[in-house]
Amino acid sequence: VYENDDTANAEDKPTMDENIVSFIAVSESSDATFQKCEVDCPGVAAFDVSGTSKPQIIDCVIKRSIIGVVVKEDAAPVLDGCVLGDAATAVGIRVSGHGNPTVKNSTLRGCGSGVAVKEKARGLFLHNRVEACQLTGVVLLDESEPHFIGNVITGGKCNGVDCHGHSAGVFDGNKVSDNGVLGFTLNGLSKPLLEGNHVSGSVYGVWVREESGAVLQNNSIEECVLAGLLVSDLAEPTVVGNGVKRNKKAGIMVQGFAGGEIRDNRVEGNQTNIQLTENAASVVVGNMIWAGTL
């Protein structure tokens, strides 16, 4: 157990520059615990977690690192109650390989991107706050499949969540609000499940594009500047049981050759509730459409 505790004897502390640790590598099968550490490491990653290690990183503050925590290979660390990121941090947490971290009750603030998950990595992100990112709060790449449950992703200059490649994560019960451009953008052949999220305050709430087959169900998409849900290109999403309300232009807009199924949604209070343009081929079934036009 490595702990920064002012009540401990000095000889019991792993000190480096008065308990400010500059770089920590955890590898092989280590299950070390780091608790209440302040990690200040300009220009490098704070934690590099690899192998099959399962360290516990609890109530730590990580600042001025290029990457706060790198998780790779088959590592499965637990981060609980940590604070990561500032203007110097490109990525708060980066997960690759078959990494499978659990990150909970933590704050990622002011990073370029808060969380990036790639390759075949997974991970559980539970009740965290990702805020004021310079680019995007959460980025999924390749064949990654993380779960994000009950997080707040807010105040980013660009997007809340970007999904690319063949990523297929789950976003359940998150609040994605007041990001500068998009709440979610679902690209490539991604097939994430968005369920029970509250999305609001962006230019577009959710943009499903390229050939994405995303599933959106039981989400609330509200008060966006242009459209709550935009579907374009060759995307084929399944959009079921969502509330799309009070968006300033369109509730649901389908463009290009996009298709998919739009079923059993409540669409109301938008300037135009559902707008299909060009060669759009979506199937629109059983929706409640109030106080707007189709």
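Because the structure is predicted, anything quoted here is derived from the model rather than measured. Below, all heavy atoms of this structure are taken into account, side chains as well, without hydrogens, waters or symmetry copies.
Annotation: side chain of Val115 is in contact with side chain of Phe125 (closest heavy-atom distance under 4.5 Å). Two residues are said to be in side-chain contact when any heavy atoms from C-beta on lie closer than 4.5 Å; Phe148 and Leu126 fail this criterion.
Val215 and Val267 fall into different hydrophobic clusters, where Ile, Leu, Val, Met, Phe, Trp and Tyr are joined by side-chain heavy atoms under 4.5 Å apart, directly or via other members. Val152 and Val83 sit in two unconnected hydrophobic clusters of ILVMFWY residues. Membership requires side-chain heavy atoms under 4.5 Å apart, directly or through other members.
When each of Val208, Leu186, Val139, Asn187 is tested with Cys163 by the rule side chain to side chain contact (heavy atoms under 4.5 Å, CB included), just one qualifies, namely Leu186. Remark: of the listed residues Trp207, Phe171, Tyr204, Phe171 is the sole one forming a ring-ring contact (aromatic ring centres under 6.0 Å, His included) with Phe184.
Across all their heavy atoms, Asn174 and Gly150 have their closest contact at OD1-N, 3.3 Å. Smallest separation of non-hydrogen atoms from Leu216 and Asn242: O-ND2, 3.0 Å.
Rounding to the nearest 0.5 angstrom, the gap separating the CD atom in Gln255 from the CZ atom in Arg209 is 11.5 Å. Note that the CG atom of Asp178 and the CD atom of Glu223 stand 9.5 Å from one another [nearest 0.5 Å]. In this structure, CZ in Arg109 is found 10.0 Å from CG in Asp86, a value given to the nearest 0.5 Å. Taken to the nearest 0.5 Å, the CG atom of Asn128 stands 10.5 Å off from the NZ atom of Lys104. Note that CZ of Arg94 and CG of Leu141 are 11.0 Å apart. Values are rounded to the nearest 0.5 Å. Going from atom CG of Leu79 over to atom CG of Asp59 covers 10.5 Å, rounded to the nearest 0.5 Å.
Of the charged side-chain nitrogens involved, at least one lies within less than 4.0 Å of a carboxylate oxygen, so that Asp40 and Arg64 count as a salt-bridged pair. Using a 4.0 Å cut-off between charged nitrogen and carboxylate oxygen, Lys63 and Glu38 count as a salt-bridge pair. For Arg122 and Glu145, the salt-bridge test fails: no basic side-chain N is under 4.0 Å from an acidic carboxylate O.
Counted by atom type alone, Thr136 and Asp162 present one or more donor-acceptor pairs between their side chains at under 3.5 Å. No side-chain donor from either of Asn179 and Asn159 sits under 3.5 Å from a side-chain acceptor of the other. Between the side chains of Ser200 and Ser177, no donor-acceptor pair is found at a separation under 3.5 Å. Judged purely by distance below 3.5 Å, without hydrogens or angles, the side chains of Glu222 and Ser220 pair a donor atom with an acceptor atom.
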As a quick check of understanding, evaluate side chain to side chain contact (heavy atoms under 4.5 Å, CB included) for Cys133 and Ser113, giving each step before the final call. CA-CA 6 Å; Cys133 290; Ser113 293; 5.8 Å; no
For Ser144 and Ser167, what are the C-alpha separation, side-chain angles and deciding distance, and is it a side chain to side chain contact (heavy atoms under 4.5 Å, CB included)? CA-CA 5 Å; Ser144 58; Ser167 58; 3.8 Å; yes
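Checked by atom type and distance alone, the side chain of Asn197 never pairs as donor or acceptor with a backbone atom of Asn219 at under 3.5 Å. Using modelled atom types, no side-chain atom of Asn151 and backbone atom of Val130 make a donor-acceptor pair closer than 3.5 Å. With hydrogens and angles disregarded, a donor-acceptor distance shorter than 3.5 Å links the side chain of Glu119 to the backbone of Gly97.
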